[in-house]
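One structure below.
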Amino acid sequence: MGPGWRAASAALVAGSVLIFGALRRLALALPQPAAVRSRPGRVWRWRNLLVSFAHSVLAGLWALFSLWNSPELLSDIQDGYSVSGHLLVCFSSGYFIHDTLDIIFNYQSRSSWEYLVHHAMAISAFVSLIITGRFLVAAVLLLLVEVSNIFLTVRMLLKMSNVPSPALYEANKYINLVVYFAFRLAPQAYLTWYFLRYVEVQGQGAFLTANLLLLDAMILMYFSRLLRSDFFPSLRKGSAGRDVDGEKFLID
């Protein structure tokens, strides 16, 4: 990657940050459910989740399109390249930077520290991919997780708004479980196997492998929370009287 292309990539990332900033302002103008308006602590969370939902829809469909349009990329995870994949990584990098700033500037770091850790990992990894032009296919595969995040975000929005429709929540609960396996656990497991078997544990490869293994631990922890919350509520510990205002986590 030449200096000109890197500068263009940096401009794309900055542009993405501005786009999500505009979406945040738009979310402020949208009507809010009574359950959100009545609890000041939920207003920021509701707005933040709407922006997250927009990113999940756009990035998830974009990742699916990139792989469907160029399936040959899957045969070269380390050095495969597509303009669409590169643009997607820049776009999502901008979202993670925006969300990090949104959390910090709105004094939500304490309740959202796991997100800050995740975003730091994603931003550092994506920046290394943009600079070197390598492992972009791995990033596109990882961004398939945004398809799963669509339903995770809908789940949290439903809980926050107290929608009087148990059937809607139940339907989303099972769809969420299926897409969690298909678009989060499966790509993550495949990439972990690939990196441990084929990628040299040095330089960028070592850095990305470490990030991937830490992400594995986080995903398994989130999956455990999801199962306890939606399918085995009797196993939840210390959740009595817990309110959604207390956490930003989508899996709660």
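In this text, all values refer to a predicted model and were calculated from it rather than measured experimentally.
When hydrophobic clusters are built by joining Ile, Leu, Val, Met, Phe, Trp and Tyr residues whose side-chain heavy atoms come closer than 4.5 Å, directly or via intermediates, Phe96 is grouped together with Phe207. Under the 4.5 Å side-chain contact rule for hydrophobic residues, Val137 and Trp193 share a cluster. Transitive grouping of hydrophobic side chains (ILVMFWY, heavy atoms separated by less than 4.5 Å) keeps Tyr222 and Val178 in distinct clusters. Note: the hydrophobic cluster containing Tyr81 also contains Leu12 (ILVMFWY, side chain heavy atoms under 4.5 Å, direct or indirect links). Note: the hydrophobic cluster containing Val145 does not contain Trp68 (ILVMFWY, side chain heavy atoms under 4.5 Å, direct or indirect links).
Classified by interplanar angle (parallel below 30°, tilted 30° to 60°, perpendicular above 60°), the ring pair His55/Tyr95 is parallel.
In this structure a side-chain-to-backbone donor-acceptor pair under 3.5 Å is present from Ser82 to Gly85. Put simply, the side chain of Asn172 gets close to the backbone of Phe151: a donor and an acceptor are under 3.5 Å apart. Asp76 places a side-chain N or O within 3.5 Å of a backbone atom of Asp79 that can act as its donor or acceptor partner. Not one N or O on the side chain of Ser70 forms a donor-acceptor pair closer than 3.5 Å with the backbone of Leu67. In this structure, Ser128 contributes its side chain and Ala125 its backbone to a donor-acceptor pair below 3.5 Å. Under a 3.5 Å cut-off, the side chain of Ser124 and the backbone N or O of Met121 do form a donor-acceptor pair. Using modelled atom types, one side-chain atom of Thr153 and one backbone atom of Asn149 make a donor-acceptor pair closer than 3.5 Å. Ser112 places a side-chain N or O within donor-acceptor distance of the main-chain N or O of Gln108, the cut-off being under 3.5 Å. At distances below 3.5 Å, not a single donor-acceptor pair connects side-chain atoms of Ser52 with backbone N or O atoms of Asn48. In terms of modelled atom types and a separation under 3.5 Å, the side chain of Ser92 and the main chain of Val89 share no donor-acceptor contact.
Closest of all the heavy-atom pairs between Leu74 and Leu141 is CD2-CD2, 3.9 Å. Among all heavy-atom pairs drawn from Ala182 and Pro187, the shortest one is O-CD, 3.4 Å. Shown here for Ala54 and Leu23, the closest heavy-atom pair between the two residues is CB-CD1, 4.1 Å. Taking all atoms of both residues into account, the shortest heavy-atom contact from Asn162 to Ala35 is ND2-CB, 3.4 Å. The two atoms that bring Met218 and Glu114 nearest to each other are CE-O, 3.7 Å, heavy atoms only. Closest non-hydrogen pair, Leu157 versus Ser161, comes out as O-OG, 2.8 Å.
For Phe231 and Tyr174, the ring centers are positioned less than 6.0 Å apart. The ring of Phe135 has its center closer than 6.0 angstrom to the ring center of Phe195.
Using a 4.5 Å cut-off on side-chain heavy atoms (C-beta onward), Arg47 and Asn106 make contact. A heavy-atom distance below 4.5 Å is found between the side chains of His118 and Leu215. Between Phe53 and Leu49 there is no side-chain heavy-atom pair separated by less than 4.5 Å. Between Val51 and Asp99 the shortest side-chain heavy-atom distance does not fall below 4.5 Å. Contact annotation: the side chain of Arg24 approaches that of His98 to within less than 4.5 Å [non-hydrogen atoms, C-beta and beyond]. Residues Val13 and Ile130 are in side-chain contact: their nearest non-hydrogen atoms beyond the backbone lie under 4.5 Å apart. When side chains are defined from C-beta on, Val201 does not count as touching Leu196, because their heavy atoms never get closer than 4.5 Å. Side-chain atoms of Phe183 and Glu146, non-hydrogen and from C-beta on, never get closer than 4.5 Å to each other.
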### Task
Dump the intermediate steps for side chain to side chain contact (heavy atoms under 4.5 Å, CB included) on Phe20 and Ser16, then the final yes or no.
CA-CA 6 Å; Phe20 285 105; Ser16 176; 3.4 Å; yes

### Query
Can you list the steps and then say if Phe181 with Phe223 is a ring pair (Phe, Tyr, Trp, His ring centres under 6.0 Å)?
CA-CA 10 Å; Phe181 272 102; Phe223 186 54; 5.4 Å; yes

### Message
The test is side chain to side chain contact (heavy atoms under 4.5 Å, CB included); show your working for Leu177 and Leu227 and say whether it passes.
### Response
CA-CA 9 Å; Leu177 184 64; Leu227 291 178; 4.1 Å; yes

### Task
Check the pair Ile77, Tyr190 against side chain to side chain contact (heavy atoms under 4.5 Å, CB included), reporting the backbone distance first and the verdict last.
CA-CA 11 Å; Ile77 289 179; Tyr190 174 72; 3.5 Å; yes

### Query
Run the side chain to side chain contact (heavy atoms under 4.5 Å, CB included) check on Trp46 and Arg39 step by step: do they pass?
CA-CA 11 Å; Trp46 178 266; Arg39 303 291 295 274; over 6 Å; no

### Message
One pair to check against side-chain hydrogen bond (donor to acceptor under 3.5 Å, both in side chains): Arg37 and Gln32. What are the steps and the verdict?
### Response
CA-CA 6 Å; Arg37 295 194 307 271; Gln32 300 165 350; 5.9 Å; no

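A distance of 9.5 Å separates CG in Leu136 from CG in Leu73, rounded to the nearest 0.5 Å. Annotation: the span from Phe126 atom CZ to Leu129 atom CG amounts to 7.0 Å, rounded to 0.5 Å. For the atom pair CG of Asn176 and CD1 of Ile150, the computed distance is 11.0 Å after rounding to the nearest 0.5 Å. Between the CD1 atom in Ile219 and the CG atom in Leu212 there is a gap of 8.5 Å [rounded to 0.5 Å]. To the nearest 0.5 Å, the span separating CG on Leu144 from CD on Gln188 amounts to 11.0 Å. To the nearest 0.5 Å, the span separating CG on Leu30 from CG on Leu50 amounts to 6.5 Å.
Residues Arg155 and Glu170 are not paired through a salt bridge, judged by the lack of any N-O separation under 4.0 Å between the basic side chain and the carboxylate. With respect to the salt-bridge test (charged N to carboxylate O, under 4.0 angstrom), the residues Lys173 and Asp230 do not qualify.
A cation-pi contact, defined as under 6.0 Å to the ring centre and within 45° of the axis, links Arg184 to Tyr180.
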